[in-house]
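All remarks here apply to the structure that follows.
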Amino acid sequence: QVQLVESGGGLVQPGGSLRLSCAASGSIFSIYNMGWYRQAPGKQRELVALITSGGSTNYADSVKGRFTISRDNAKNTMYLQMNSLLPDDTAVYSCKGDIRPRDGGPTYRYWGQGTQVTVSS
């Protein structure tokens, strides 16, 4: 059973920083693309950032220059460093990973449960 678990969310003032983590656990053979998504109340889920197994990254225009996605393949963990946070960044942040399990089954897209980020004074 493969699981993704996010951590690091919370309440922060505008201009502040947070670091989110997404840890994959279970019977994992390989992790391919990973990414962070967010959903604000009343809005559709949107892509925040993606990272390939080789470390190539892609960001939504709204977070470029403020957020940094990274991963530690040895720890099966992905991170999102969020700086200069704005009230518009308030949302539930979820991670996803394209993971091939050890049992030889197909690669499947797994999602974490989400972590709340609130930017408010």
Side-chain angles (χ1 to χ4, degrees):
Q1 183 94 13
V2 175
Q3 282 187 317
L4 293 178
V5 178
E6 301 100 336
S7 61
L11 173 64
V12 63
Q13 292 186 342
S17 299
L18 281 176
R19 188 193 195 205
L20 304 183
S21 298
C22 172
S25 63
S27 183
I28 297 170
F29 176 77
S30 187
I31 303 177
Y32 303 104
N33 293 342
M34 301 186 78
W36 288 98
Y37 292 74
R38 68 186 182 186
Q39 187 167 19
K43 295 185 178 180
Q44 289 189 330
R45 184 171 61 190
E46 63 174 355
L47 170 67
V48 176
L50 292 174
I51 186 167
T52 68
S53 56
S56 296
T57 59
N58 191 27
Y59 296 91
D61 288 343
S62 59
V63 306
K64 281 182 181 177
R66 300 188 297 122
F67 291 11
T68 302
I69 189 172
S70 61
R71 62 192 285 174
D72 185 335
N73 292 330
K75 295 181 179 180
N76 288 340
T77 301
M78 174 179 64
Y79 306 96
L80 185 68
Q81 177 67 43
M82 304 186 293
N83 299 327
S84 303
L85 282 160
L86 305 170
D88 281 351
D89 294 319
T90 296
V92 174
Y93 285 70
S94 299
C95 65
K96 73 94 175 176
D98 297 329
I99 299 173
R100 184 178 178 187
R102 285 191 183 277
D103 63 5
T107 299
Y108 184 77
R109 180 157 295 176
Y110 293 86
W111 290 88
Q113 82 288 352
T115 185
Q116 177 69 45
V117 172
T118 301
V119 184
S120 175
S121 56

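The chain is numbered in sequence order, starting from 1.
Partners of Q116 by side-chain hydrogen bond (donor to acceptor under 3.5 Å, both in side chains), not counting sequence neighbours, listed by chain and number: T118. With sequence neighbours left out, the salt bridge (Lys or Arg N to Asp or Glu O under 4.0 Å) criterion links K75 to no other residue. With sequence neighbours left out, V119 forms a side-chain contact (heavy atoms from CB on, under 4.5 Å) with V12, P14, L85, P87, D89, T90, V117. Take T68 and apply the side-chain hydrogen bond (donor to acceptor under 3.5 Å, both in side chains) test, not counting sequence neighbours, and it matches no residue.
Applying the salt bridge (charged side-chain N to carboxylate O under 4.0 Å, His left out) test to pairs two or more places apart or on separate chains, those with a residue in residues 55-65 are D61-K64. Listed by first and then second residue, the disulfide (SG to SG under 2.5 Å) pairs that reach into residues 27-78 come to none, sequence neighbours excluded. Listed by first and then second residue, the ring pair (Phe, Tyr, Trp, His ring centres under 6.0 Å) pairs involving residues 97-121 are Y37-W111, Y108-Y110 (not counting sequence neighbours). Applying the side-chain hydrogen bond (donor to acceptor under 3.5 Å, both in side chains) rule to pairs touching residues 39-53 yields R38-E46, sequence neighbours excluded. Pairs passing the side-chain hydrogen bond (donor to acceptor under 3.5 Å, both in side chains) check and including a residue from residues 11-24, sequence neighbours excluded, read S17-N83. Under the salt bridge (charged side-chain N to carboxylate O under 4.0 Å, His left out) criterion, the residue pairs touching residues 100-111 are D98-R109, with sequence neighbours excluded.
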Show the numbers, then the answer: is there a side-chain contact (heavy atoms from CB on, under 4.5 Å) between L80 and M78? CA-CA 7 Å; L80 185 68; M78 174 179 64; over 6 Å; no

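Its side chain outside the 4.5 Å cluster rule for every partner, L11 clusters with none of the Ile, Leu, Val, Met, Phe, Trp and Tyr residues.
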Throw together a table of side-chain donor-acceptor distances under 3.5 angstrom for residues 25-36, partners on residues two or more places apart or in other chains.
from	atom 1	to	atom 2	distance (Å)
W36	NE1	Y79	O	3.4

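Taking 4.5 Å as the limit, every side-chain heavy atom of L4 sits out of range of all side-chain heavy atoms of E6.
Nearest heavy atom pair, residue I99 against residue A24, reads CD1-CB, 4.4 Å. Taking both residues in full, the closest heavy atoms of P106 and P101 are given as O-CD, 3.4 Å, listed atom of the first, atom of the second, then distance. Across Q113 and V5, no two heavy atoms sit closer than the pair OE1-CA, 3.8 Å.
The cluster map of Ile, Leu, Val, Met, Phe, Trp and Tyr, joined by side-chain heavy atoms under 4.5 Å apart, puts Y59 and I51 in the same cluster.
Within the model, atoms CZ of F67 and OG1 of T57 stand 14.0 Å from one another, a figure rounded to the nearest 0.5 Å. For the atom pair CD1 (I69) and SG (C95), the distance works out to 9.5 Å, reported to the nearest 0.5 Å.
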